[in-house]
Amino acid sequence: MSPLPRFLRLPPERQESILRIARGHFAEQGPEGASYNRIIEAAGFSKTAAYQYFDGREDLLATVLDDVLARLLGVLGPWEPAPDAAAFRAALETGTRDLSAHLRAHPDDLALAEVAAARPAGAAWVAWFEALVDDGLRLGVVRSDLDRSLLVAATAAVLRAGDSWALAAWRDGREPDTGQVWELLRGLWGGPLDGSAAGNTDGGGRDAD
């Protein structure tokens with residue numbers, strides 16, 4: 001599914017306005033619960049006009065979810081191989097800090113991230129975590145005795161849970177101790193994240209998917 005060509009010919013600011021409104025409805029009421037009629041009314045056009053931009057509710061939802069993923073990946077940028085464990089941690093800290101700042105300003109993205117990652121376009125999201133884990137395996141900061149695909153899924157889940165937890169703390173007026181997320185990752189990966197000698201240095205050895 002994708003928006004109809006007429007939507008893509010709208011000015012970029014109008015496209016973003018429509019997607020922002022729809023994103024808010026889907027995030028607040030859930031992808032299955034949000035009303036298509038209320039979304040298009042809030043966006044300022046009729047149901048007849050809406051069908052010039054999208055084939056229907058599911059088409060709009062798919063467009064919103066793909067846009068969420070694009071926004072998140074745009075914040076993270078591509079994962080670049082690190083020269084050593086210290087640089088690996090520094091790069092991951094920078095990426096997660098930037099993503100947390102984005103999610104703090106755009107909590108709708110976090111609310112829809114898991115659903116968005118399950119779509120075909122979510123392969124790019126998974127690929128980011130695959131690149132992260134593969135680099136950690138190469139450097140010996142990620143254990144190689146577990147299945148790679150399990151490590152990728154678990155790493156993504158830990159970081160997503162950490163983002164949700166941090167946002168909840170901010171809403172309550174508390175400053176989250178992000179060091180706890182690093183402790184979870186260290187427990188999952190089984191290697192140090194501070195640049196010291198890793199307990200598992202066989203970065204090339206891992207189970208096949």
Side-chain angles (χ1 to χ4, degrees), residues 2 62 64-167 176-209:
S2 59
V64 167
L65 294 177
D66 288 350
D67 182 62
V68 166
L69 275 180
R71 287 156 57 86
L72 298 182
L73 288 169
V75 172
L76 286 172
W79 180 264
E80 300 291 345
D84 52 42
F88 177 90
R89 171 163 179 160
L92 184 54
E93 283 183 329
T94 297
T96 54
R97 183 176 61 247
D98 291 347
L99 186 60
S100 291
H102 172 85
L103 294 173
R104 190 175 186 177
H106 306 91
D108 292 348
D109 284 349
L110 177 60
L112 296 172
E114 187 168 358
V115 180
R119 284 185 41 73
W125 180 251
V126 174
W128 192 91
F129 286 97
E130 288 177 334
L132 170 68
V133 168
D134 284 344
D135 203 29
L137 285 164
R138 177 182 63 83
L139 293 168
V141 299
V142 174
R143 61 195 301 174
S144 62
D145 61 328
L146 296 178
D147 183 83
R148 171 179 173 272
S149 60
L150 176 60
L151 282 167
V152 170
T155 298
V158 167
L159 292 176
R160 185 168 59 245
D163 287 331
S164 297
W165 165 75
L167 283 176
D177 175 12
T178 55
Q180 295 185 44
V181 178
W182 290 104
E183 285 299 314
L184 284 175
L185 283 176
R186 182 158 53 188
L188 169 65
W189 287 345
L193 293 172
D194 58 1
S196 60
N200 177 5
T201 58
D202 183 12
R206 62 175 183 266
D207 294 338
D209 288 344

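The analysis underlying the following values was restricted to heavy atoms, covering all of them including side chains, and did not include hydrogens, waters or symmetry mates.
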Query - Euclidean distance, D109 CG relative to H106 NE2, rounded to 0.5 Å - result: 7.0 Å

Query raised in the report: Which pair of non-hydrogen atoms, one from L151 and one from V142, has the smallest distance, and what is that distance?
Result: CD1-CG1, 3.9 Å

Requested in this report: Any chance you could measure D84, atom CG, to L139, atom CG, to the nearest 0.5 Å?
Outcome: 7.5 Å

Query raised in the report: What is the distance from atom CZ of R71 to atom CG of D108, rounded to the nearest 0.5 Å?
Result: 8.5 Å

Query raised in the report: About how many Å separate OG of S144 and CH2 of W189, when rounded to the nearest 0.5 Å?
Result: 14.5 Å

Query raised in the report: Any side-chain heavy atom of L72 sitting closer than 4.5 Å to one from W128?
Result: no

Query raised in the report: At what distance, to the nearest 0.5 angstrom, does CD of E183 lie from CG of D177?
Result: 9.0 Å

Report task. Return the minimal non-hydrogen interatomic distance between L137 and R143, and the atom names on each side. Result -> CD2-O, 3.2 Å

Query raised in the report: With side chains defined as the heavy atoms from C-beta onward, is the minimum distance between L185 and L92 less than 4.5 Å?
Result: yes

Query raised in the report: Who passes side-chain hydrogen bond (donor to acceptor under 3.5 Å, both in side chains) against E93, sequence neighbours left out?
Result: R89

**Report entry** Derivation and outcome, side chain to side chain contact (heavy atoms under 4.5 Å, CB included), residues E130 and W79
**Finding:** CA-CA 9 Å; E130 288 177 334; W79 180 264; over 6 Å; no

**Report entry** Side chain proximity check, T155 to L159, heavy atoms < 4.5 angstrom
**Finding:** yes

Query raised in the report: For the residue pair L188 and V158, what are the closest heavy atoms and their distance?
Result: CD2-CG2, 4.2 Å

Query raised in the report: Of all heavy-atom pairs between L69 and A116, which one has the smallest distance, and what is that distance?
Result: CD1-O, 3.2 Å

Requested in this report: Taking the side chain as every heavy atom from C-beta outward, state whether W125 and L76 have any pair of such atoms under 4.5 Å apart.
Outcome: yes

Report task. Taking H102 for its side chain and D98 for its backbone only, find out whether a donor-acceptor pair lies under 3.5 Å. Result -> no

Requested in this report: Take V141 and R186 through the side chain to side chain contact (heavy atoms under 4.5 Å, CB included) test and state the conclusion after the steps.
Outcome: CA-CA 9 Å; V141 299; R186 182 158 53 188; over 6 Å; no

Report summary line: In short, L167 meets R104 closest at the heavy-atom pair CD2-CA, 3.3 Å

Query - Charged N-O contact under 4.0 Å between D135 and R138 - result: yes

Query raised in the report: Shortest non-hydrogen contact from A121 to D66?
Result: CB-OD1, 3.3 Å

